[in-house]
Amino acid sequence: MERAIALSLENVRAASGGPFAALVVRNGSVIAEGTNQVTATLDPTAHAEVVAIRRACQALKNFQLSDCELYTTCEPCPMCMGAIYWARFAKIYYGNTRADAAKIGFDDSLIYDELVLPLGSRKIPMIPLMRDQALVAFREWEKSPAKTEY
């Protein structure tokens, strides 16, 4: 966690992005590091956790990190939690809370609130379109002998 905090401070001081950093650790060794790069790369998905997860998956040549732990300087946002669960981490350690983040302008409460609403009640309209056509790819996936389960 000390390394993650140091990275977050470096990121702030270099004006490279927000005050967030994350490390992926396996068997006590750092596999990958990430810092918030949203403004530097103009990528809203470039949160520290996502950057670290992408790098770790490339380093380990695996899309699952079930034998790894994540050290992050802040309680993960909803997007990062999705990535963390998809990667199947064994454990997550975090420093600051989501309330701490909200106090400095990183408030994710809208997203948490939206996720529990029915689709028709969300702030951004969620409109079903061409489901029957889209299901064709799902049906082919189900039958494919070449698919990789996850």
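All values reported here derive from a predicted model rather than from experimental measurement.
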| said: To the closest 0.5 Å, what do you measure between CD (Glu75) and CD (Glu49)? | reply: 10.5 Å
| message | Running the 4.5 Å side-chain criterion over Ile, Leu, Val, Met, Phe, Trp and Tyr, what cluster does Val50 land in, apart from itself? | response | Met79
| message | If only side-chain N and O atoms count, and only distance matters, is there a donor-acceptor pair under 3.5 Å linking Asn11 with Ser8? | response | no
| query | Taking the side chain from Thr73 and the backbone from Ala21, do they hold a donor-acceptor pair closer than 3.5 Å? | reply | yes
| request: Kindly give the heavy-atom pair with the smallest separation between Arg26 and Asp67, and that separation in Å. | output: CD-OD2, 3.2 Å
| With sequence neighbours excluded, what pairs up with Thr41 under the side-chain contact (heavy atoms from CB on, under 4.5 Å) test? | Gln37, Asp43, Ala46
| said: For a 4.5 angstrom cut-off between non-hydrogen side-chain atoms, does Ser16 reach Asn36? | reply: no
| remark: The side-chain contact (heavy atoms from CB on, under 4.5 Å) partners of Asn62 (sequence neighbours excluded) come to Gln64
| task | Hydrophobic side-chain clustering at under 4.5 Å (ILVMFWY, transitive links): who's grouped with Leu70? Put none if nobody. | result | Val24, Ile31, Ile53, Leu60, Leu65, Met81, Ile84, Tyr85, Phe89, Ile92
| remark: salt bridge (Lys or Arg N to Asp or Glu O under 4.0 Å) filter on Glu114, not counting sequence neighbours, yields none
| Is Ile5 isolated, or which residues cluster with it under the ILVMFWY side-chain rule of less than 4.5 Å, directly or via members? | Met1, Leu7, Leu9, Leu23, Val25, Val30, Tyr71, Tyr93
| said: The criterion is salt bridge (Lys or Arg N to Asp or Glu O under 4.0 Å); which residues satisfy it with Lys143, sequence neighbours excluded? | reply: none
| task | Indicate the atoms forming the closest heavy-atom contact of Ala48 with Gly34, along with that distance. | result | CB-O, 3.6 Å
| field | CD (Glu2) with more than 12 external heavy atoms under 6.0 Å | value | no
| task | Write out all pairs satisfying ring pair (Phe, Tyr, Trp, His ring centres under 6.0 Å) with one or both partners inside residues 16-65, taking only residues at least two apart or from two chains. | result | Phe20-Phe106, Phe63-Tyr150
| remark: residues 101-113 vs side chain to side chain donor-acceptor pair (under 3.5 Å), sequence neighbours excluded, gives Asp107-Ser109
| said: Restricting to side-chain contact (heavy atoms from CB on, under 4.5 Å), what partner residues turn up for Ser66, sequence neighbours left out? | reply: Arg88
| query | Side chains of Arg3 and Glu33: closer than 4.5 Å at any heavy-atom pair? | reply | yes
| What residues, two or more places apart in sequence or in another chain, satisfy side-chain contact (heavy atoms from CB on, under 4.5 Å) together with Leu129? | none
| Members besides Leu135 in its Ile/Leu/Val/Met/Phe/Trp/Tyr cluster (side-chain heavy atoms under 4.5 Å) | Phe138
